[in-house]
Amino acid sequence: MDQRGTGLSTPLTPSSMSQFKSAEDLVGYLKHFRADNIVNDAEFMRVRLVPDAGPWTILGQSYGGFCAVTYLSFAPQGLRQVLLTGGTPPIGNGCTADTVYRVCSEQIILQNEKYYKRYPQDIEIVREVVNYLAASEGGGVLLPSGGILTPRGLQTLGLSCLGTSAGFERLHYMFEGVWDPVLVPGAPKQISYYFLNAFERSIAFDTNPLYALLHESIYCQGASSSWSAHRIRSEDEGKFDAIKAAKEGRPVPFMGEMIFPWMFDEIHALTKFKDAAHILAEKQDWPPLYDTNMLNNNKVPVAAAVYYDDLFVNFKIAMETASQIAGIRLWITNEYMHSGLRDGGGKVFEHLMGMLNGKKPLF
């Protein structure tokens, strides 16, 4: 099933969203694209697809897992079994984004340390790029799309490269080709088109603007996010400041799964949605996504793969939520990262199904 706004389910693209005449009209549309309505869609399909409108088994990866827990909260009658892979959400009231970003910073730091330990030669290369960008006119260099690459923008490469298998390698190979070769003696040093293009393909907000617009809203129940990641980062005393790190001779840290308001100034595909992003960040009347009482009394068999080193879904938070879902069975492993279903799909799926059908022992 393509979740609302993705794939072939009324895809939201920069061009399709441009049909709205105002930011307010766009927000009025986007507010219907969270997990609660995705569950409504699933139920609409289930009663039409499953013989006798019976229950079905669902698998939720990452945000799909968040949706699955919402499903357990409000429509458990439609579920036979639930599999979660790297998708056990925080279920507290209000907006849990602040909690998420605070605890995830520990794993982000650890992943940075692992990356630079594997590729120590990149410490100086990344610092050099940061200094080059900071010294450039306007504080950055133009990207192929028309946006701008700044030191803080460079740090967003961590989103796609620090938390998945082979991500370290992709990041390293990008920096291997970050500088154009000097073909003419005396020619000025410049960042290569190869790198700039690879950067834009890595962040991919031109094809998935919905991710940037609604990312923090998926944590909200009756409260606003108020640009949570931006606020939490201001608490780190400059630990994640790229320019400061480069000046002090420290490794420049990459960031994790965070969306910042300045992205809507620097990423060309997002600039026209800046006003809508600010409205969404301040929106308070988000409906509930989880029912703790229903989860505490859950009767649906649930099995979850919890990745110990998950950069995106924090282990501690996943365990706290799991303790609230009655009957859940957990497979805790550091064999995979967040991309475990992609990397070892058959093995992961069979392991979880084995936990539900009695082929894996109870511990």
Side-chain angles (χ1 to χ4, degrees), residues 1-13 16-17 27-91 93 208 210-211 213-215 217-222 285-305 313 321-322 324-330 341-342 345-346 348-359:
M1 158 181 165
D2 291 339
Q3 294 166 179
R4 285 191 181 201
T6 70
L8 296 178
S9 179
T10 319
L12 293 180
T13 65
S16 69
M17 289 194 295
V27 169
Y29 188 69
L30 291 174
K31 68 182 182 181
H32 300 293
F33 282 74
R34 299 196 315 156
D36 47 355
N37 282 303
I38 291 171
V39 169
N40 291 337
D41 291 341
E43 278 295 273
F44 181 89
M45 287 185 279
R46 177 186 64 83
V47 299
R48 288 161 176 80
L49 293 176
V50 180
D52 301 320
W56 59 4
T57 295
I58 63 171
L59 184 153
Q61 155 67 18
S62 192
Y63 180 60
F66 287 33
C67 296
V69 177
T70 300
Y71 212 148
L72 283 168
S73 294
F74 299 117
Q77 71 281 357
L79 300 172
R80 175 181 296 163
Q81 297 171 312
V82 173
L83 310 179
L84 306 176
T85 58
T88 310
I91 59 175
N93 291 322
N208 190 17
L210 183 64
Y211 181 99
L213 283 162
L214 283 186
H215 177 65
S217 300
I218 69 173
Y219 294 110
C220 297
Q221 301 185 92
D285 57 342
W286 293 108
L289 293 172
Y290 311 106
D291 184 329
T292 304
N293 183 62
M294 185 67 76
L295 295 173
N296 290 166
N297 293 281
N298 172 61
K299 304 299 183 186
V300 179
V302 182
V313 177
T321 296
Q324 297 293 310
I325 303 175
I328 190 172
R329 296 202 57 197
L330 302 178
L341 190 64
R342 182 185 304 120
V348 171
F349 179 75
E350 289 175 7
H351 192 105
L352 293 177
M353 288 301 296
M355 293 170 70
L356 294 181
N357 62 23
K359 292 184 179 180

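When a residue number appears, it is its place in the shown sequence, counting from 1. No hydrogens, no waters, no symmetry mates; every other heavy atom, side chains included, goes into these values.
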Nearest 0.5 angstrom please: [X] [atom1] to [Y] [atom2], how far?
{"X": "Gln3", "Y": "Thr10", "atom1": "CD", "atom2": "OG1", "value": "13.0 Å"}
{"X": "Leu59", "Y": "Leu341", "atom1": "CG", "atom2": "CG", "value": "5.5 Å"}
{"X": "Asp36", "Y": "Ile218", "atom1": "CG", "atom2": "CD1", "value": "12.0 Å"}
{"X": "Ile91", "Y": "Asp291", "atom1": "CD1", "atom2": "CG", "value": "9.5 Å"}
{"X": "Asn298", "Y": "Asn296", "atom1": "CG", "atom2": "CG", "value": "9.5 Å"}

Are Leu352 and Val348 side-chain neighbours, meaning at least one heavy-atom pair lies under 4.5 Å?
-> yes
Item to complete: Would you check if Leu12 and Tyr29 make a side-chain contact, meaning some heavy-atom pair closer than 4.5 Å?
Response: yes
Sequence neighbours excluded and cut-off under 3.5 Å, please list the side-chain donor-acceptor pairs for residues 41-54, or say none.
unit_1, atom_1, unit_2, atom_2, d
Asp41, OD1, Arg4, NE, 3.2
Asp41, OD1, Arg4, NH2, 2.9
Asp41, OD2, Arg4, NE, 2.5
Glu43, OE1, Arg46, NH2, 2.9
Glu43, OE2, Arg46, NE, 2.6
Glu43, OE2, Tyr71, OH, 2.5
Arg46, NH1, Ala53, O, 2.7
Arg46, NH1, Gly54, O, 3.0
Arg48, NH1, Phe44, O, 2.8

Minimum heavy-atom distance between [X] and [Y], given as atom pair plus value:
{"X": "Gln221", "Y": "Tyr290", "result": "OE1-N, 3.1 Å"}
{"X": "Ala35", "Y": "Leu289", "result": "CB-CD2, 4.2 Å"}
{"X": "Pro90", "Y": "Thr321", "result": "CA-OG1, 3.7 Å"}

Donor-acceptor pairs under 3.5 angstrom involving side-chain atoms of residues 76-88: please list them, not counting sequence neighbours.
unit_1, atom_1, unit_2, atom_2, d
Gln81, OE1, Thr57, OG1, 3.2
Thr85, OG1, Gln61, OE1, 2.6

Sorted by chain and number, sequence neighbours left out, side chain to side chain donor-acceptor pair (under 3.5 Å) with Ser217 holds for none
[X] side-chain N/O to [Y] backbone N/O, donor-acceptor pair under 3.5 Å:
{"X": "Gln324", "Y": "Leu295", "answer": "no"}
{"X": "Thr6", "Y": "Asp2", "answer": "no"}
{"X": "Arg34", "Y": "Leu214", "answer": "no"}

(message) Once you measure the plane-to-plane angle for His215 and Tyr219, does it fall in the parallel (<30°), tilted (30-60°) or perpendicular (>60°) bin?
(response) perpendicular
**Message:** Show, in sequence, the C-alpha distance, side-chain angles and deciding distance for Leu30 and Met17, and conclude whether the side-chain contact (heavy atoms from CB on, under 4.5 Å) test is met.
**Reply:** CA-CA 10 Å; Leu30 291 174; Met17 289 194 295; 4.1 Å; yes
With Val300 as partner, the option from Ile58, Ile325, Leu72 fulfilling side chain to side chain contact (heavy atoms under 4.5 Å, CB included) is Leu72
**Q.** Residue Phe74 excluded, over 12 heavy atoms near CZ under 6.0 Å
**A.** yes
